[in-house]
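Every chain is numbered from 1, with letters handed out A, B, ... down the list of sequences. Note that these values count all heavy atoms, side chains included, but never hydrogens, waters or copies made by symmetry.
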Protein chains: 2
Amino acid sequence: MAEKITSLQVAERAGVSQSAVSRVFTPGASVSKKTEDKVRKAAAELGYRPNVLARAMVSGKSRIIGLVVAYLDNYFYPEALEILSNDLQERGYHVLVFMASQTAGNIDGVVEEILDYQVDGIVTASVAMSSDLSQRCAQAKVPVVHFNRFQDGDGVSFVTSDNFQGGRELAQFLVAGEHKKIAYIAGWEGASTQRDREAGFRAGLDEFGQKLFAREVGEFDVDHARAAAHAMFNVDANDRPDAVFVANDYMAFAVMDELRFGLDLKIPDDVSVVGFDDVPPAAWRAYDLTTMRQRANLMVAETVETLMAHIENPSSAKTRKISIAAPLIVRGSARLPKNWPPVKG
Amino acid sequence: MAEKITSLQVAERAGVSQSAVSRVFTPGASVSKKTEDKVRKAAAELGYRPNVLARAMVSGKSRIIGLVVAYLDNYFYPEALEILSNDLQERGYHVLVFMASQTAGNIDGVVEEILDYQVDGIVTASVAMSSDLSQRCAQAKVPVVHFNRFQDGDGVSFVTSDNFQGGRELAQFLVAGEHKKIAYIAGWEGASTQRDREAGFRAGLDEFGQKLFAREVGEFDVDHARAAAHAMFNVDANDRPDAVFVANDYMAFAVMDELRFGLDLKIPDDVSVVGFDDVPPAAWRAYDLTTMRQRANLMVAETVETLMAHIENPSSAKTRKISIAAPLIVRGSARLPKNWPPVKG
DNA sequence: ATGAAAGCGCTAACAA
DNA sequence: TTGTTAGCGCTTTCAT
């Protein structure tokens, strides 16, 4: 009943020094073939594996990345988490998950906890942290990347979709589709994604000679979104929008349900609906939602690259502020412009 | 620019010994109020926080729980993960995520990696591991709980829904609804959830005087499920099932889409559909799926309890094999039995 | 109640 | 290439 095999026990069995064992398990260390063989043999027999924590203590590298995430009910996040975890795993890192509710104090507390684990880096998914805390991370030399959140300031990196341009394109698309009463259902107003999407949407409408016909707030929450849809559409047919951009897909599904089943409207005949994210259910036939695709794989790849750059090069790596183009995914939930798709050239 | 504050620095500033500092941060250690105050003050000024890894080394408790999960696209898992992470966080533990694909070799490798982190426990979500590996965990004294997976053998704990009884109830419900041609679309046959649900379903049909009218395999995969539905229903009306139990909700959505949009069938008029899991989209009006609810919160609670029992009491804690009743959630995707709901008494 | 001292299992100089 | 030595930051006896 072997309990806990240490490098020392392996060393004894192999008849070498303990450091020899360490070197065998340290990529790029100098060991002779002969020693290596002896050590590997002894290690295999004993079932030895290096203790990552002990290694972390002395090397200062834990190979743990802390992930702060507020909720997993918007299916964009599970998707991102899966990709992130896989990407990091390939590089020998692992994700330590910290759930944090939206309130700022809580998040700061959670980040402190993360730091206690001596993580090599932190990814915050859709949560903001105080600049105070950002500084603590900076001085602890732990790189932070904000995923799907724009964050102002010097020392902070982030990766987002180009939410502004995404909103703008949606406006263009709806105007081209000859909608005349275009509305917006907002997400939680504290979120940069919400702000940027709305700003871009408004800018686009403006650019194409329209302005917002109606606006409600859905808070990135299903119940709020449903209520917002009800308030917006349960009115005289004349006062009813003929198109609505819902700030993310997750809310858009609730809105579509309310429109179709609550108010008996036809999509897209009576009203066009567009969303943002392109989470898997958007492609399900029951919704078939026209939306902007957040390219989770690219976003994660940039997040990981940024992290690695800082980890491998703590001093010289620059903070990155990355914005990734979101392609318009045209499906059936919004009336198409005439002559769609546009012919190139 | 403070870099890394150690207990020693705090001790010096507070004018006490390093062990005094340690004791202040060790619940239940004996320190005088006076020392504690001095230490806390110094710690606060320096921004000191104990290094969890160093603590883990000496105490042997990392307060990390390893989670192995194969995929996050069945939305039951993100839900469970969120609850698990929150539950553990409240007890001072955190979740280290390991993604593993379904193949056995891979999973064993992943579990080895987990062990390297000196985790205090392991949760496997819907993946099986070799009994070989189970033994390694046992001898490393790391408790393992299989979540949503039945596992045979002595040393292993698991928590599942009562999948057999769930399948049986679904059969009963469909028979009571006067369906005469009841079919089944299976999940991945390597999964105990699949096996138990099917066995229960067949047992139920048998019990109520019917047998399976048709069967296809969906592999817990959307594309397979869609193809299975097509193969099963794209036939003469007489040969077409009038009800189908799809082994989980995730596949059921694809099946419903195929039936409605691919084959122009009405649900539940032409065919009843029931699923298993009760993931959030099952409640969305567009699907409104009758299904068995997996009570994620209860399942997670039992998982955590089992883990804690073993961690706090390594020798005496017994392995637990827990099966949680899954209630039938009746919605609109299946024709109701006459006189529904049944009157009690 | 407190300090001194001994490690937890490992890596990283430094010599040899 | 290899062994020796010195810690990483902490908890935990053991004295006092």
* Output yes when at least one side-chain N/O atom of B/S17 is less than 4.0 Å from OP1 or OP2 of C/dT2, else no. => no
* For the pair made of CZ in B/R49 and C1' in D/dC10, what is the distance, rounded to whole Å? -> 16 Å
* Asked: Between C/dC10, D/dT11, D/dC10, which nucleotide has the shortest distance from any of its atoms to the side chain of B/S22?
  -> D/dT11
* Structure fact -> Whole-Å distance, A/I5 CD1 to C/dC10 P, equals 10 Å
* **Cation-pi check, B/R63 onto B/Y93 ring (under 6.0 Å, within 45° of axis)** => yes
* **Of B/V16 and B/A54, the one whose closest DNA chain C nucleotide lies more 5'** => B/V16
* B/F25 six-ring face occupied by B/R40 cation (under 6.0 Å, within 45°) -> yes
* To do: Could you check whether B/V21 gets within reach of a base, just the sugar-phosphate, or nothing at all, counting any heavy atom under 4.0 Å?
  => nothing
* Go through D/dT12, C/dT2, C/dG3 for me and flag the one nearest to the B/T26 side chain. => D/dT12
* Asked: With a 4.0 Å cut-off on heavy atoms, is A/Y48 in touch with a base, just the backbone sugar-phosphate, or nothing at all?
  -> sugar-phosphate
* Structure fact -> Of D/dG9, C/dG9, D/dT1, the nucleotide closest to the side chain of B/N51 is D/dG9
* For the side chain of A/R23, counting heavy atoms from C-beta on, which of C/dA13, D/dT13, C/dC10 is nearest? -> C/dA13
* **Any donor-acceptor N or O pair under 3.5 Å, side chains A/N148, A/Y77** => yes
* CD of A/Q18 versus C1' of D/dG3: gap in Å, rounded? -> 10 Å
* Respond yes when some side-chain nitrogen or oxygen of A/S30 is under 4.0 Å from OP1 or OP2 of D/dT1, and no when none is. => yes
* **Residue whose nearest DNA chain C nucleotide is more 5′ - B/V31 or B/V58** => B/V31
* Could you verify whether a donor N or O on one side chain and an acceptor N or O on the other, from A/S157 and A/R320, lie under 3.5 Å apart? => no
* Asked: If you draw a 6.0 Å radius around CG in B/N313, do more than 12 non-hydrogen atoms from other residues or ligands fall strictly inside?
  -> yes
* Nearest to the side chain of B/M57 - C/dG9, D/dT2, D/dT12? -> C/dG9
* With respect to the phosphate group of C/dA1, does any side-chain polar atom (N or O) of B/T35 fall under 4.0 Å of OP1 or OP2? -> no
* Separation of C/dA5 C1' from B/L8 CG (nearest whole Å) -> 14 Å
* Would you mind reading off the distance between A/F25 atom CZ and C/dC10 atom P, rounded to a whole angstrom? => 9 Å
* To do: Send over the distance from B/Q118 CD to C/dC8 C1', rounded to a whole Å.
  => 10 Å
* Touch check for A/S32, heavy atoms < 4.0 angstrom, all strands: base, sugar-phosphate only, or nothing? -> sugar-phosphate
* Structure fact -> To the nearest angstrom, the CD-P distance between A/E12 and C/dG9 comes to 13 Å
* Would you classify A/T6 as touching base, sugar-phosphate or nothing, given that sugar-phosphate means primed atoms plus P, OP1 and OP2, and contacts are heavy atoms under 4.0 Å? => sugar-phosphate
* Angle class for the B/F76/B/F147 ring planes (parallel below 30°, perpendicular above 60°, tilted otherwise)? -> parallel
* Between B/S19 and C/dG3, does any side-chain N or O lie under 4.0 Å from OP1 or OP2? -> no
* To do: Mind calculating the distance between CG (A/D116) and C1' (D/dG9) to the nearest angstrom?
  => 13 Å
